[in-house]
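Written below as structure tokens is the structure these notes are about.
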Amino acid sequence: MTAPILEARGITKRFGGVVAVNDASLTVGKGQIVGLIGPNGSGKSTMVNLVSGELMPNEGTFLFNGTDITSLPSHRRARLGMARSFQLLRLFHSLSVEDNLLLANHMRMKASIAASIFGRSSAREEEQRARARARELLAWFDLQDFADRPVSALSIGQQRMVEIARGMMSEPSLFVLDEPAAGLSPPNVDKLIQLVRRLRDEFGVSILLVEHVMRVVRDLCDHVVVLDSGVKIAEGAPDAVVKDPVVIEAYIGTGWKRRAQG
Amino acid sequence: MRVYLIALLAFAGLAVAPFGIGGYETNVLMMVLFFVILAVGLDLVTGYCGQFSFATGAFYGIGAYTAAIMTRDFNTTIWVHLPAGAIVAGLFGLLLGIPALRLKGHFLAIVTIAFQTIVYLVISQWTSFTGGQVGLPMPNAGPVTVFGVTLFEFGSLRSYYWLTLAMTALTLLISWRLVNSRLGREWVAIRDDETLASAVGLDTTRGKLTAFVAYAALAGVAGVLTAHSLRGVTPDDYTIWISATVVAMMVVGGRGTFIGPILGAVFLAILPELLGKFAEYKMLIYGVLLVLVVTLMPEGVVGRLRARAAR
Ligand SMILES: Nc1ncnc2c1ncn2[C@@H]1O[C@H](COP(=O)(O)OP(=O)(O)OP(=O)(O)O)[C@@H](O)[C@H]1O
Ligand SMILES: [Mg+2]
């Protein structure tokens with residue numbers, strides 16, 4: 001395996017009496033797509049929120065490119081090169097598609113806030129460059145016609161694409177995707193699979209992918225980690241993991257078999 | 001560019017207005033301008049950044065009392081008081097911004113009400129420092145001199161009016177630049193979704209604190225101008241009623257629209273003058289208006305018109 005970009009070591013997160021994540025560890029190698037799966041309520045989104053810094057773990061350590069980031073708040077992690085999407089879509093709903101992307105680039109801007117307030121040319125030119133890049137990315141995602149529209153005018157599928165474009169706008173080295181296929185029609189799921197693969201192949205982004213749709217996991221992931229009630233119960237190659245009796249056991253009654261085979 | 005042109009024409013009109021109207025009307029216009037500064041300031045923190053505050057009256061009072069107390073103790077002039085009032089109020093704004101880092105919505109609103117109450121109690125009860133219920137008198141701002149040459153004497157109503165007008169223009173320009181800057185866009189991001197804002201790398205702490213400081217500093221400037229033009233300060237000019245009035249102005253006009261709170265301030269500040277003997281019911285009328293706007297068009301008049309135009 002290549003050098004890890006993300007290492008989660010012995011992570012535990014409790015909500016009152018609920019142990020949402022229980023001494024779980026996982027590693028994402030550079031250039032890898034790692035899947036994080038498990039039944040409903042098994043702690044996947046909690047793990048994503050812990051990785052991105054929205055939640056702080058009770059125990060355990062996170063390393064990003066070898067540095068300890070456990071105590072960093074989420075905006076600091078983003079600045080180190082971590083982007084994420086949300087299970088329940090999140091966008092700045094009163095802003096245009098382009099401005100949504102632009103905000104993800106603010107942290108990379110070099111001109112001072114004062115320069116921006118006084119409308120200095122350094123700040124204006126930098127913003128123009130960022131807007132041009134946002135348009136390029138939107139074209140890449142086939143969204144160029146929507147740049148000036150408010151995000152609320154887009155379909156759910158398009159909003160999901162804006163979310164991913166926004167993540168790419170921040171030039172991440174690790175992209176954490178929380179169920180990006182949720183709510184997409186089957187043809188759009190195919191497009192998503194293509195797209196995620198291209199993010200890795202063309203932009204060299206490492207990806208931690210939480211997903212319920214097994215087809216996505218099987219097609220994309222180099223490695224899969226399985227959570228059940230917050231505990232890591234298995235990991236390995238996707239095809240091996242879905243056949244693992246422990247994993248099947250964990251999913252019985254939750255429709256896993258149907259999904260795994262479908 | 002068109003915005004600047006319209007603004008320029010409006011200010012030119014207001015600048016010559018005192019030649020055509022009486023002293024009473026000039027006073028009313030000046031009061032309208034105080035409220036314009038207050039409403040635009042509140043719009044920065046609430047309309048753009050999404051943080052509620054019922055403490056406008058407190059920051060307004062802090063600016064006014066800074067001017068009055070500095071006049072009494074240091075015999076300084078209005079040119080010192082304007083920056084000093086902005087800085088002192090801005091520092092208190094920073095202080096009030098700290099609870100906003102953890103509290104949201106109603107809880108933050110309650111803290112700002114508490115802050116407003118504390119400031120009122122201090123200015124009305126700490127008699128030895130603030131003059132208590134009676135307040136403090138202020139002399140004329142004195143002559144404006146450059147290298148010992150007197151340009152003009154402060155004292156006439158018009159001179160205060162013009163200074164207020166100039167400061168209104170300046171604060172509006174600064175606010176306009178702020179909301180159209182990177183910082184202003186970050187304020188809107190925080191208002192829309194704070195979790196997402198930090199997930200995309202924005203420092204929401206900086207965003208909220210700068211919004212509170214800008215808001216408080218503008219109210220402080222309005223306070224300095226008010227103290228000088230009224231030739232003194234009394235605690236009852238800086239109560240929670242002022243805060244509530246400014247909230248009504250902002251909400252009726254349209255939060256986060258920039259022009260909305262300006263129009264709201266003009267409309268609601270002039271309204272009592274048109275009501276004649278019913279003016280004593282103005283808070284009631286503001287209240288009813290606020291309830292109507294919040295239920296029927298929460299985005300305010302200008303917000304609604306813009307949404308219409310976009311469709
Ligand atoms: N903020 C919270 N407060 C209390 N309990 C929480 C919180 N967030 C998650 N939980 C609990 O933690 C457990 C794990 O939830 P989580 O959302 O991480 O699961 P998940 O694997 O993402 O599920 P799904 O597949 O439905 O998205 C659940 O029992 C959930 O109720
Ligand atoms: Mg989840």
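Protein chains get the first letters and strands the later ones, always in sequence-line order, with residue 1 at the start of each. Heavy atoms only: backbone and side chains are in, while hydrogens, waters and symmetry mates are out. All figures in this text were calculated on a predicted structure; none of them were measured in a lab.
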On a heavy-atom basis, which atom in A:Phe86 and which in B:Ala199 lie closest, and how many Å separate them? CZ-CB, 3.9 Å

So for A:Ala111, is it side chain, backbone, both, or neither that comes closer than 4.5 Å to the heavy atoms of chain B? both

Contact origin within A:Ser112 toward chain B - heavy atom pairs under 4.5 Å: backbone

Point-to-point distance, once rounded to the nearest 0.5 Å, from OG1 of B:Thr56 to CG of B:Leu38: 6.5 Å

Give, as side chain, backbone, both or neither, the part of A:Arg90 having an atom under 4.5 angstrom from any heavy atom of chain B. both

Against chain B, label A:Leu80 side chain, backbone, both or neither, depending on which of its atoms sit under 4.5 Å from a heavy atom there. neither

Show your working on ring-ring contact (aromatic ring centres under 6.0 Å, His included) between B:Phe212 and B:Phe59 and close with a plain yes or no. CA-CA 11 Å; B:Phe212 265 98; B:Phe59 295 118; 7.7 Å; no

Does any heavy atom of chain B fall under 4.5 Å from the side chain of A:Ala83, the backbone, both, or neither of them? neither

Geometric class of the B:Phe115/B:Phe92 ring pair [parallel <30°, tilted 30-60°, perpendicular >60°]: tilted

Between A:Met169, A:Met109, A:Glu54, which shows the greatest number of heavy-atom pairs under 4.5 Å with chain B? A:Met109

With a 4.5 angstrom heavy-atom cut-off, could you sort out which part of A:Arg108 is near chain B: side chain, backbone, both or neither? neither

Give, as side chain, backbone, both or neither, the part of A:Ser94 having an atom under 4.5 angstrom from any heavy atom of chain B. both

Once rounded to the nearest 0.5 Å, what's the spacing between atom CD of A:Glu179 and atom OG of A:Ser45? 6.0 Å

Select one option (side chain, backbone, both, neither) describing which atoms of A:Phe118 are under 4.5 Å from chain B's heavy atoms. backbone

Checking A:Glu163 against chain B: side chain, backbone, both or neither under 4.5 Å from a heavy atom? neither

Go through the steps for A:Met161 and A:Leu192 under the test side chain to side chain contact (heavy atoms under 4.5 Å, CB included), then give the verdict. CA-CA 9 Å; A:Met161 290 301 126; A:Leu192 179 81; 3.9 Å; yes

Answer yes or no on whether A:Lys13 is positioned over the face of A:Phe15, meaning its NZ or CZ is under 6.0 Å from the six-membered ring centre and within 45° of the axis. yes

